[in-house]
Amino acid sequence: MARITAGIATSHVPAIGAAIDLGKTKDLYWAPVFQGYEFVKEWIKDNTPDVVILVYNDHASSLMLDIVPTFALGFAEEFQSADEGWGRRPVPVVKNHLDLAAHIAEQLVIDEFDITLINEMDVDHGCTVPLSLVFGQPEEWPCKVIPLAVNVTQFPTPSGERCWKLGEAIRNAVKTFPEDLDVQVWGTGGMSHQLQGTRAGLINEEFDRRFIDLLAHEPEELKYITRLEYLRETGTEGIELIMWLIMRASLGYGVEEKKRFYRVPASNTAVGHVVYEAKS
Ligand code: DHB
Ligand code: FE
């Protein structure tokens, strides 16, 4: 049987990808950010999964205004890194695990999540920056990746509660896949940040630290943070944190927190990162 063994959450700031690609990780500005990822880069060597279900959001790179799926599962054989205006990132192609993706799609629909299937798309920094932060710069990504895109850019965005339930449904779907697979779920984005408007540059460290404090062992109240609260407290882009809830819910009740990291700033964002191992 397949099982979800661990979860990772991390911000997916595009400038972090550029810093890696341009060899700037040891620069004064970037070194303290990358320091926070030393643990996971070692940990993953002993905990490389067969498949990562990578929960992220597309930033109008592949999913524009013409189609706005709330939850979309990547269903192509592979996904190129998107050209976000300065060329494709020089990273390996992301390869899917189609049998598991098909099983998850079917189980989610049975579980009343009418998931959109995307047969062709490129993946942007939301997907590739977390892969680079965890795996570094390999020739090939060392595992299969099922991208799961969540709409956090166009109203109406899903609620935290709905995301929590999706995480639970993913957990149930993975558990019933007959092949013996080690699966991780990653949640990306956040923490507080606002990229435009009069509050551009907003960071709410108190909110972010509390979110990390509660996520491992007392995530209940985080489910009920409303979209308006995310907007007010964490800026227009802070709602990316709902993707961390999908990751957390997919791990079940008990987790062991192996790492937490928080750093302000990286680009315009408060960078947060956690590593959890599932207990059951
Ligand atoms: C930044 C952060 C994001 O999450 C994103 O999608 C784009 C930009 C930033 O901090 O610059
Ligand atoms: Fe983002």
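These numbers were taken from a predicted model, which means no experiment stands behind them. Every number for a ligand or one of its atoms is a count from 1 in the order of the listing. Atoms considered below: every heavy atom in the structure, side chains included; atoms not considered: hydrogens, waters and symmetry mates.
Judged by distance alone, with hydrogens and angles left aside, the side-chain atoms of Asp58 form a donor-acceptor pair with the main-chain N or O of Leu63 at under 3.5 Å. No side-chain donor-acceptor contact under 3.5 Å links Thr157 to the backbone of Val152.
Close contacts between ligand 1 and His193 involve ligand atoms 2 (C), 3 (C), 4 (O) [criterion: under 4.0 Å to a heavy atom]. Of all the atoms in ligand 1, the ones that sit under 4.0 Å from a non-hydrogen atom of His125 are 5 (C), 6 (O), 7 (C). Those atoms of ligand 1 with a heavy atom of Ser267 less than 4.0 angstrom away are 9 (C), 10 (O), 11 (O). Ligand 1 places these atoms under 4.0 Å from at least one heavy atom of Pro14: 1 (C), 2 (C), 3 (C), 5 (C), 7 (C), 8 (C). Close contacts of ligand 1 with Glu240, meaning ligand atoms under 4.0 Å from a residue heavy atom, involve 4 (O), 6 (O).
Checked by atom type, the side-chain pair Asn268/His193 shows no donor-acceptor distance below 3.5 Å.
Note on Glu240: counted as a metal contact of the Fe ion (ligand 2), an N/O/S atom lying under 2.8 Å. For His59, the nearest N, O or S atom to the Fe ion (ligand 2) falls under 2.8 Å. Look at His12 and the Fe ion (ligand 2): an N/O/S atom of the residue is under 2.8 Å from the metal.
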Could you walk me through whether Glu206 and Arg209 pass the salt bridge (charged side-chain N to carboxylate O under 4.0 Å, His left out) test, one step at a time? CA-CA 5 Å; Glu206 197 182 326; Arg209 288 196 182 275; over 6 Å; no
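The protein heavy-atom contact nearest to atom 10 (O) of ligand 1 is Thr269 OG1, 2.5 Å.
The existence of a salt bridge linking Glu140 and Lys95 is confirmed by a sub-4.0 Å separation between a basic side-chain nitrogen and an acidic carboxylate oxygen.
Not close to ligand 1: Glu237, with no non-hydrogen atom less than 4.0 angstrom away.
Because its NZ or CZ atom is both nearer than 6.0 Å to the ring centre of Phe113 and within 45° of the ring axis, Arg162 counts as a cation-pi partner of that residue.
Ring orientation note: the planes of Phe135 and Trp141 are tilted relative to one another, at an angle of 30° to 60°.
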